[in-house]
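Take this structure first; my questions come after.
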Amino acid sequence: QVQLVESGGGSVQAGGSLRLSCATSGFTFSHYYMAWFRQATGKEREGVAHIDELDSHGYADFVKGRFTISQDNVKHTLYLQMDNLKPEDSAMYYCAAVDVRWLEAADRLSESKYLYWGRGTQVSVST
């Protein structure tokens, strides 16, 4: 059974940093995509960053240059380093995964393509 558990959220001031973690268990796939999504109050969930088993990664335009996705395959953990945070980054952050060999580029931050989800960790950024 695949489980994803996020941690590392919290409250910071604008310009600050946070590092989110997503601990995985039961995740033994050779080919996969993992991603971070976020959902602010009253808004739809949106993709933030994705990575695959070869460490190829991509970002939504609104976080490029500020957020970095990475993974530790020994610790079975996904990370999201968030720097220069803005109030508009405030949201519940979720990690997600899917065991497929290939996703089209346009689908790699598509919520509907991901099968496994964590419960989220809250990030709040104040001015």
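Residue numbers run from 1 in the order of the sequence given. Keep in mind that what you see is a predicted model, and the values were worked out from it rather than measured.
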Side chain Gln71, main chain Asp52, donor-acceptor under 3.5 Å: yes

Side-chain donor or acceptor of Tyr94 paired with backbone N/O of Thr121 under 3.5 Å: no

Joint hydrophobic cluster, Phe37 plus Leu115, side-chain heavy atoms closer than 4.5 Å: yes

Straight-line distance of Thr68 OG1 to Met82 CE, nearest 0.5 Å: 11.0 Å

hydrophobic_cluster_shared for Trp102 and Phe29, side chain cutoff 4.5 Å: yes

Cluster link Leu109 to Val63, ILVMFWY, side chain under 4.5 Å: no

Whether Thr24 side chain and His76 backbone form a donor-acceptor pair below 3.5 Å: yes

Tyr59/His57 aromatic ring centres below 6.0 Å: yes

Within one Ile-Leu-Val-Met-Phe-Trp-Tyr cluster: Val100 and Val2, side-chain cutoff 4.5 Å: yes

Trp117 side chain to Leu4 backbone, donor-acceptor under 3.5 Å: no

Val48 reachable from Tyr79 in the ILVMFWY side-chain graph, under 4.5 Å edges: no

Test side-chain contact (heavy atoms from CB on, under 4.5 Å) applied to Phe67 and Trp36, step by step: CA-CA 11 Å; Phe67 290 11; Trp36 288 97; over 6 Å; no

Side-chain donor/acceptor of Tyr33 to backbone N/O of Leu103, under 3.5 Å: yes

Nearest-0.5 Å distance, OG of residue Ser56 to CZ of residue Arg108: 7.5 Å

Backbone N/O of Cys95 and side chain of Glu6: donor-acceptor pair under 3.5 Å: yes

Separation between OG of Ser7 and CG of Leu20, rounded to the nearest 0.5 Å: 8.0 Å

Qualifying salt bridge (Lys or Arg N to Asp or Glu O under 4.0 Å) pairs with a residue from residues 30-46, counting only residues at least two apart or across chains: Arg38-Glu46, Arg38-Asp89, Arg45-Glu111

Test item: Arg101 side-chain N/O and His31 main-chain N/O as donor-acceptor pair under 3.5 Å: no

Heavy atoms from other residues, nucleotides or ligands near CD of Gln13 exceed 12 (cutoff 6.0 Å): no

Non-hydrogen atoms of Asp83 and Ser17 that approach each other most closely: OD1-OG, 2.8 Å

Aromatic plane relationship, Tyr32 with Phe27 - under 30° parallel, 30 to 60° tilted, over 60° perpendicular: perpendicular

Separation of Met34 CE from Leu80 CG (nearest 0.5 Å): 11.5 Å

Minimum-distance pair of heavy atoms, taken over all atoms of Ser70 and Ile51: CA-CD1, 4.0 Å

His50/Tyr114 under side-chain contact (heavy atoms from CB on, under 4.5 Å): CA gap, chis, key distance, verdict: CA-CA 11 Å; His50 63 82; Tyr114 286 82; 4.0 Å; yes

Check: Val125 main-chain N/O paired with Ser90 side-chain donor or acceptor under 3.5 Å: yes

Shortest non-hydrogen contact from Gln122 toward Ala91: NE2-O, 3.3 Å

